[in-house]
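Step one of this worksheet: look at the structure below.
The sequence lines fix the lettering, A, B, ..., with proteins before strands; numbering per chain opens at 1.
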Amino acid sequence: MPELPEVEVVRRGLAQWVVGREISAAEVLHPRAIRRHLPGADAFTEGLKGRVPLSAERRGKYLWLPLSGAEEAILAHLGMSGQLLVVRRETPPEKHLRVWIRFEDGGPDLRFVDQRTFGHVMLTPLTGGVPEPIAHIAPDPFEEAFDDAEFARRLRARRTEIKRALLDQSLISGVGNIYADEALWMARLHWARPTETLTRPKIAELLAAVREVMSAALDQGGTSFDSLYVNVNGESGYFERSLEVYGRRDLPCSRCGTPIRREAFMNRSSYFCPRCQRRPR
DNA sequence: CGACTCTCCTGGGTGC
DNA sequence: TGCACCCAGGAGAGTC
């Protein structure tokens, strides 16, 4: 399950292996992979032909490659199981290969492989350097454009639980289920804590925790718990970074020894320490 | 505008 | 061994 650190690893791989190379051909092997590209597969492949990715950009979990020519970019979201692989062109097609991009220089292909097909790619206009479909999402906490004070103001104006707000990409992008649980544990906040009860210092502490858990993962090249996740060069994205709560049901909290609990929330799992992260009354 | 629910999809794991 | 489930989850669509 690629989250922001994993996606950043992929972005770096694209910058190294794909930027500057002219696309000779693209092929869509599964229509669902380009479902958000409304003009369809033919328009997608025609639109890519002959163009050169100029850079590799990221906001939250979205990746994009601005292209030579018109103000457009290839936009990708990996979803749960998406991979962008750079592989020798003789390599046989992967079982779940969805989009296949080849280059004029005869070098390695760029392949979008996605078992569960929650991910997608598309060709989209850029507006002020940002792809149109993601104009509504907030900057991620590592961007210059991210405004801590504005985040605190908007968070306190919400009437919802803190975890729901952390996962809301229009408030802060790039935080998924795993790092939301990790950051809440670090900041000693229960997932159901009402946002309007958070003080500004507590929000600052939470933001610091979000940045810390994600940069720690990034330092190790990304963390993943799903063997499906592979980075841009085909290497496994799995690293040994120990998580404090995610996936650790019934195991002792490293701060107090209390068994970690798992609760269903928003149709997914929330892991927390019932002692360090007291449920709000 | 905001809160909230539903839905999309596949295959590994589990229990009988 | 086979089969019917269950589960993982980001984010857009839709409702109120």
Side-chain angles (χ1 to χ4, degrees), chain A residues 1-8 10 28-38 58-64 75-84 94-99 112-122 124 130-141 150-151 153-184 191-198 210 214 217 222-230 236-238 243 245-249 262-271:
Chain A
M1 300 154 239
E3 294 204 33
L4 187 150
E6 290 81 5
V7 175
E8 173 60 17
V10 174
V28 175
L29 290 95
H30 194 306
R32 188 173 152 78
I34 56 136
R35 65 193 175 283
R36 290 192 67 196
H37 188 78
L38 302 181
R58 181 187 58 73
R59 167 165 285 182
K61 300 173 211 170
Y62 280 96
L63 285 165
W64 68 92
L75 177 66
H77 193 294
L78 302 177
M80 285 179 69
S81 55
Q83 308 166 23
L84 282 167
E94 290 76 7
K95 182 174 179 190
H96 302 293
L97 179 59
R98 309 305 190 193
V99 177
F112 179 64
V113 175
D114 189 10
Q115 179 207 98
R116 295 175 208 172
T117 66
F118 269 57
H120 61 88
V121 296
M122 65 192 296
T124 180
V130 177
E132 265 177 14
I134 64 167
H136 66 287
I137 78 168
D140 69 55
E150 173 71 358
F151 173 73
R153 190 191 65 72
R154 292 186 62 204
L155 190 68
R156 277 152 53 99
R158 289 292 175 98
R159 293 291 177 271
T160 190
E161 303 109 331
I162 183 58
K163 184 166 176 185
R164 198 184 285 277
L166 274 184
L167 296 175
D168 183 341
Q169 306 290 302
S170 70
L171 268 179
I172 179 171
S173 66
V175 182
N177 199 43
I178 296 169
Y179 295 118
D181 281 2
E182 291 298 303
L184 288 169
W191 58 262
R193 177 71 176 269
T195 46
E196 72 266 29
T197 69
L198 291 170
V210 166
M214 293 205 288
T223 300
S224 178
F225 317 96
D226 193 326
S227 61
L228 290 167
Y229 173 70
V230 180
S236 169
Y238 182 85
L243 293 172
V245 284
Y246 187 85
R248 300 191 74 241
R249 183 183 197 167
R262 173 191 175 276
E263 286 180 359
F265 168 68
M266 289 174 77
N267 285 327
R268 56 201 50 145
S269 298
S270 276
Y271 296 90

Residue pair Arg58(A), Asp140(A): steps toward the salt bridge (Lys or Arg N to Asp or Glu O under 4.0 Å) verdict: CA-CA 9 Å; Arg58(A) 181 187 58 73; Asp140(A) 69 55; 3.0 Å; yes

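The base of dG10(C) sits with one of its N or O atoms less than 3.5 Å from a complementary donor or acceptor on the side chain of Arg268(A).
Look at CG on Leu167(A): it is 9 Å from P on dA11(C), rounded to the nearest Å. Rounded to whole Å, atom P of dC8(B) lies 19 Å from atom NE2 of His77(A). To the nearest angstrom, P of dG10(C) lies 9 Å from NZ of Lys163(A). One can place CG of Asp114(A) at 12 Å from P of dC9(B), the figure rounded to the nearest angstrom. One can place CE of Met80(A) at 13 Å from C1' of dA11(C), the figure rounded to the nearest angstrom. Atom CZ in Arg153(A) sits about 13 Å away from atom C1' in dC1(B), given to the nearest Å. Note: CZ (Phe118(A)) to C1' (dT10(B)) measures 9 Å, nearest angstrom. Counting to the nearest Å, the P atom of dG10(C) and the NZ atom of Lys61(A) are 5 Å from each other.
Residue Arg164(A) places no side-chain N or O under 4.0 Å from the OP1 or OP2 atom of dA3(B). Phosphate proximity of dG10(C) to Tyr179(A): absent, as no side-chain N or O sits under 4.0 Å from OP1 or OP2. Taking only side-chain nitrogens and oxygens, Thr160(A) comes nearer than 4.0 Å to OP1 or OP2 of dC4(B). Between Gln115(A) and the phosphate of dG11(B), there is no side-chain N or O to OP1/OP2 separation shorter than 4.0 Å. In this model, the phosphate group of dA8(C) is approached by a side-chain N or O of Arg262(A) to a distance below 4.0 Å at OP1 or OP2. Proximity of Arg32(A) to the phosphate of dC8(B): no side-chain N or O atom is located under 4.0 Å from OP1 or OP2. Between dC8(B) and His120(A), no contact under 4.0 Å exists linking OP1 or OP2 to a side-chain N or O. For the OP1/OP2 pair of dG12(C) and a distance below 4.0 Å, the side-chain nitrogens and oxygens of His136(A) include at least one atom meeting the criterion. Checking the phosphate oxygens (OP1, OP2) of dA3(B), a side-chain nitrogen or oxygen of Arg158(A) falls inside 4.0 Å. OP1 or OP2 of dC7(C) has not a single side-chain nitrogen or oxygen of Ser269(A) nearer than 4.0 Å.
Among the protein residues, Tyr62(A) comes within range of the sugar-phosphate backbone only, with heavy atoms under 4.0 Å from sugar or phosphate atoms but none that close to a base.
Between Arg154(A) atom CZ and Thr195(A) atom OG1 the span is 12.0 Å, to the nearest 0.5 Å. Between the CD atom in Glu263(A) and the CZ atom in Arg249(A) there is a gap of 10.0 Å [rounded to 0.5 Å].
Remark: side-chain polar atoms of Arg248(A) are not paired, donor with acceptor, to backbone N or O of Val245(A) under 3.5 angstrom.
Each of dG11(B), dC9(B), dA11(C) was ranked by its minimum atom distance to the side chain of Gln169(A); first place goes to dA11(C).
Ring pair His120(A)/His77(A) is parallel by interplanar angle, where below 30° counts as parallel and above 60° as perpendicular.
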